A.B. asks: 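There's a structure below that I have some questions on.
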There are 2 protein chains.
Amino acid sequence: MELSATGRVVLGMLAVGPKSGYDIKAIVDHSTRFFWAASYGQIYPELKRLETAGLIAADGREGGRRRTGYRLTAAGAEALRDWLGEPEQIHELRDEGLLKLFFAGVGERDWALEILRSKRDAHAEVARSFRTDIEPLAAGAERFGPLEVLHYGIAYNEFAADWCERAIERVERDEQDGAFGAGEV
Amino acid sequence: MELSATGRVVLGMLAVGPKSGYDIKAIVDHSTRFFWAASYGQIYPELKRLETAGLIAADGREGGRRRTGYRLTAAGAEALRDWLGEPEQIHELRDEGLLKLFFAGVGERDWALEILRSKRDAHAEVARSFRTDIEPLAAGAERFGPLEVLHYGIAYNEFAADWCERAIERVERDEQDGAFGAGEV
DNA sequence: CGATTCATGTAACTTGTTACATGATTAG
DNA sequence: CTAATCATGTAACAAGTTACATGAATCG
C-alpha cells in the first residue's frame with residue numbers, strides 16, 4: 001500500500017508510541033512542520049483511512065477525556081519499514097526570496113540588496129529561534145532522529161544566511177553598474 | 001492587487017521581455033522550477049486574469065505560427081515593483097529525507113545510514129548536473145539574477161550533501177548502539 | 001508526407017489550508 | 001463559574017498536477 005504524504009508522518013508518529021490525531025498535530029507543529037506539515041483536515045481523515053486499511057488500530061486507552069487514540073498494527077509497522085527502506089525522497093522547495101532574486105536584475109542594484117537582506121534576516125532568525133527555543137528542549141533526546149534533523153535545520157538556515165551575506169558583499173563591492181541589468185522595469 | 005503564486009513568476013518573466021504562455025513554461029522548466037514551479041494549468045488561466053486586471057497586454061507580434069504573446073503594461077510594472085519591494089518571502093520546504101531521518105531511530109542504525117546515503121547522493125547529483133549541464137549555458141548572463149540563483153542552488157545542494165556525509169561519519173563512528181533508539185518497529 | 005515541435009486550452013483530480021461547529025474537561 | 005485547553009470532525013475553498021483535446025507549422 002502506497003502511503004499518502006500525511007500517512008507517512010502519521011505512521012511514523014504512531015511508531016514512536018500510541019497517539020490521537022490531536023497529539024499528532026501538536027507534535028508535528030513543533031517538529032516536522034518545517035519540512036513536512038499536516039493539518040487537522042488531513043490528519044483525521046487519514047487516521048480513518050489507515051484504520052480501514054488495517055495499518056493502525058484504536059489503542060485501548062480510556063481516560064477522563066473523550067479521545068480516539070491509535071497504535072501501529074503489524075501491517076502498519078511493515079508499511080513503515082517499506083517506506084523507510086525506499087531510497088526515493090521527495091524534495092520540494094518553494095523559495096520566494098530566490099524568485100525575487102532571479103528577477104532582481106530588471107531593477108536597480110538596491111533591489112537586489114534589499115531582497116538579499118530580507119532573506120538573510122529571515123534565515124538568521126529561524127536559526128536563532130531553533131538554537132534558543134527548541135534545541136534546549138530537544139537536547140536530551142532518547143531516540144536518534146529529531147535532534148539530528150534539528151541540527152540540519154540550524155545548519156541549513158545558517159548556510160543560507162551566510163550565503164546571502166557573502167552575496168551582499170559581492171554586490172556592494174561590485175562597482176560597475178553596467179553588470180547589473182537593463183533596468184527594464 | 002495581490003499577485004498569485006503563478007502571477008509572480010509570469011509577471012517577472014514578462015518584465016524581462018514579451019513572451020507567450022508556452023515560452024514562460026519552457027523558461028520556468030529549466031530555471032525557476034527548482035524553487036518555483038508552474039504548469040500550463042496555472043499559466044494560461046493566469047495570463048487571462050492578468051490581462052483582465054490590466055497588468056499585461058497582448059504584444060503585437062505576428063509570426064508564422066499561432067501565438068498569443070504578452071508584454072507588461074505600466075500597471076504590471078508597478079505591481080512587479082511592489083511585489084519585489086515587499087520584504088516578505090515565502091519559504092516552504094518539503095523534504096522526505098528529513099522526515100525519514102526523523103523516524104530513523106525507531107529502527108536500527110543501518111536504516112539511518114541508508115537514508116543519509118540516499119539524501120547525500122540525491123543532493124550531490126543535483127549539484128553535479130547544475131555544474132555540468134546548466135552553468136556553462138548560464139555563464140554569459142547579461143542580467144543579474146539567474147546566475148546568482150544557480151550558484152545558490154549549487155551551494156545549497158553541496159551543503160546538504162556535505163552535511164549528510166558528516167552525519168554518516170558520526171553514525172559510523174558512534175559505537176554504542178544504545179544511543180540509537182528503542183527499536184519500536 | 002509523416003513525425004516532431006509549437007501552441008493553447010480545459011476537465012478531472014488530488015492535495016492542502018482555513019475556518020467553523022461542537023462539546024467536554026480542567027485550571028484558576 | 002468561566003476561560004482555556006482538549007478533542008474531533010467537516011465544509012468550503014484554494015492551489016496545483018496530469019492528461020487529454022486540438023490543430024497548425026516545420027523539418028527531414
Side-chain angles (χ1 to χ4, degrees), chain A residues 1-11 13-14 18-30 32-52 56-59 61-71 90-96 99, chain B residues 1-11 13-14 18-30 32-52 56-59 61-71 90-96 99:
Chain A
M1 173 185 182
E2 192 70 4
L3 248 30
S4 73
T6 305
R8 291 165 211 196
V9 73
V10 166
L11 229 55
M13 290 294 175
L14 294 184
K19 281 169 192 65
S20 66
Y22 189 85
D23 294 338
I24 292 169
K25 170 72 167 149
I27 296 173
V28 164
D29 277 354
H30 61 253
T32 70
R33 94 178 135 99
F34 300 100
F35 53 91
W36 205 272
S39 62
Y40 287 129
Q42 296 167 267
I43 291 171
Y44 284 113
E46 183 64 25
L47 284 167
K48 299 281 160 109
R49 276 193 292 273
L50 290 172
E51 191 181 25
T52 304
I56 66 176
D59 65 348
R61 297 194 302 180
E62 284 295 315
R65 281 176 195 274
R66 169 198 183 201
R67 188 192 135 97
T68 318
Y70 296 91
R71 58 172 180 80
I90 289 168
H91 185 278
E92 284 163 22
L93 179 64
R94 177 156 273 208
D95 187 327
E96 195 177 6
L99 187 67
Chain B
M1 173 190 184
E2 193 69 5
L3 249 30
S4 73
T6 304
R8 292 164 211 198
V9 71
V10 166
L11 229 55
M13 290 294 175
L14 294 185
K19 281 169 193 62
S20 67
Y22 189 85
D23 293 338
I24 292 169
K25 169 72 167 149
I27 295 172
V28 164
D29 277 353
H30 61 256
T32 70
R33 93 178 134 98
F34 300 101
F35 54 91
W36 206 272
S39 63
Y40 286 129
Q42 295 167 266
I43 291 170
Y44 284 113
E46 184 63 26
L47 284 168
K48 300 279 161 113
R49 277 193 292 271
L50 291 172
E51 192 182 24
T52 304
I56 64 175
D59 64 348
R61 297 194 304 180
E62 284 293 315
R65 282 175 194 274
R66 169 199 184 198
R67 189 192 134 95
T68 318
Y70 296 90
R71 58 173 179 79
I90 289 168
H91 185 278
E92 284 163 22
L93 179 64
R94 177 153 273 206
D95 188 326
E96 195 177 6
L99 187 68

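Quantities reported herein were computed from a predicted structural model and do not represent experimental measurements. So that the names make sense, note that chain A is the first sequence line, chain B the second, and so on, each numbered from 1.
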A.B. asks: In whole angstroms, how far is the P atom of D:dT18 from the CZ atom of B:R33?
C.D. replies: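 B:R33 atom CZ is separated from D:dT18 atom P by 12 Å.
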A.B. asks: Can you tell me the distance, in whole Å, between the OH atom of B:Y70 and the C1' atom of C:dG9?
C.D. replies: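 Distance check: B:Y70 OH to C:dG9 C1' gives 11 Å.
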A.B. asks: Indicate whether OP1 or OP2 belonging to C:dG9 is found under 4.0 Å from a side-chain N or O atom of B:Y40.
C.D. replies: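 It does not, given that no N or O in the side chain of B:Y40 lies less than 4.0 Å from OP1 or OP2 of C:dG9.
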A.B. asks: So, B:R49 and B:E46, do they make that salt bridge, N to O below 4.0 Å?
C.D. replies: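 Yes.
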A.B. asks: From CD of B:E46 over to C1' of D:dA14, roughly how many Å is that when rounded to an integer?
C.D. replies: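 Those two atoms, CD and C1', are 13 Å apart.
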A.B. asks: At 4.0 Å (heavy atoms only), tell me whether A:S20 reaches a base, stays on the sugar-phosphate, or touches nothing.
C.D. replies: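 The answer is sugar-phosphate, as A:S20 gets under 4.0 Å only of primed atoms, P, OP1 or OP2.
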A.B. asks: Classify the nucleic acid contact of A:K25 as base, sugar-phosphate or nothing, counting any heavy atom under 4.0 Å across all strands shown.
C.D. replies: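 Counting heavy atoms under 4.0 Å across all strands, no contact is made by A:K25.
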A.B. asks: Among the nucleotides D:dA7, D:dG16, C:dC6, which one has an atom lying closest to any side-chain atom of B:T6?
C.D. replies: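 Per side-chain heavy atoms of B:T6, the pick is D:dG16.
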A.B. asks: Please report, rounded to the nearest Å, how far the C1' atom of D:dC6 is from the CG atom of A:D29.
C.D. replies: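 After rounding, the gap between these two atoms is 15 Å.
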A.B. asks: Side chains of B:K19 and B:Y70: does their closest heavy-atom pair fall under 4.5 Å?
C.D. replies: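 Not touching, per the 4.5 Å side-chain cut-off.
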A.B. asks: What nucleotide, of D:dG16, D:dT10, C:dG9, holds the atom closest to the side chain of B:Q42?
C.D. replies: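 Within the option list, the nearest is D:dG16.
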A.B. asks: In whole angstrom, what separates B:K19's NZ from C:dC6's P?
C.D. replies: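 In whole Å, C:dC6 P lies 16 Å from B:K19 NZ.
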A.B. asks: Looking at B:G21 and B:L47, what are the two nearest heavy atoms and their distance?
C.D. replies: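 Looking at all heavy atoms of both residues, the closest pair is CA-CD1, 3.6 Å.
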A.B. asks: Select from A:G41 and B:L47 the residue whose nearest nucleotide in DNA chain C is closer to the 5' end of that strand.
C.D. replies: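 So the residue in question is B:L47.
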A.B. asks: To the nearest Å, give me how far apart CD1 (B:I27) and C1' (C:dC6) are.
C.D. replies: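 Atom CD1 in B:I27 sits about 14 Å away from atom C1' in C:dC6.
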A.B. asks: What integer distance in Å separates B:L3:CG from D:dA15:C1'?
C.D. replies: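 From B:L3 CG to D:dA15 C1': 15 Å.
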A.B. asks: To the nearest angstrom, how far is A:E51 atom CD from D:dG9 atom C1'?
C.D. replies: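 For the pair A:E51 CD and D:dG9 C1', the rounded distance is 15 Å.
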A.B. asks: Mind checking whether B:V10 and B:Q42 have side chains closer than 4.5 Å, heavy atoms only?
C.D. replies: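 Not touching, per the 4.5 Å side-chain cut-off.
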A.B. asks: So which of B:H91, B:R8, B:E92 actually passes side chain to side chain contact (heavy atoms under 4.5 Å, CB included) with A:E96?
C.D. replies: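 Answer after filtering B:H91, B:R8, B:E92: B:R8.
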A.B. asks: So which nucleotide from D:dT8, C:dC6, C:dT17 ends up closest to the side chain of A:A37?
C.D. replies: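 Taking heavy atoms from C-beta onward, the closest nucleotide is C:dT17.
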A.B. asks: Reckon A:R94 has a side-chain N or O less than 4.0 Å from the OP1 or OP2 of D:dA15?
C.D. replies: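 Checking A:R94 against D:dA15: no side-chain N or O falls below 4.0 Å of OP1 or OP2.
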A.B. asks: Counting heavy atoms from C-beta on, name the nucleotide in D:dT17, C:dT18, D:dA7 closest to the side chain of A:R67.
C.D. replies: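 Of all the options, the side chain of A:R67 is nearest to D:dA7.
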A.B. asks: Taking the side chain as everything from C-beta on, heavy atoms only, tell me whether B:L99 gets closer than 4.5 Å to A:F35.
C.D. replies: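 Sidechains of A:F35 and B:L99: in contact.
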A.B. asks: So what does B:T68 hit on the nucleic acid, given a heavy-atom distance under 4.0 Å: a base, only sugar-phosphate, or nothing?
C.D. replies: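 Here B:T68 touches the backbone only, sparing every base.
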A.B. asks: Just compare C:dT8, D:dA7, D:dT18 and give me whichever is closest to any side-chain atom of A:D23.
C.D. replies: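 So the side chain of A:D23 is nearest to D:dA7.
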A.B. asks: Among D:dG9, C:dT8, D:dG16, find the nucleotide with the atom closest to the side chain of A:Y44.
C.D. replies: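 Of D:dG9, C:dT8, D:dG16, D:dG9 is nearest to the side chain of A:Y44.
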A.B. asks: From the list D:dT10, C:dA7, D:dT17, which nucleotide is the closest neighbour of the side chain of A:P45?
C.D. replies: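 The answer is D:dT10, which lies nearest to the side chain.
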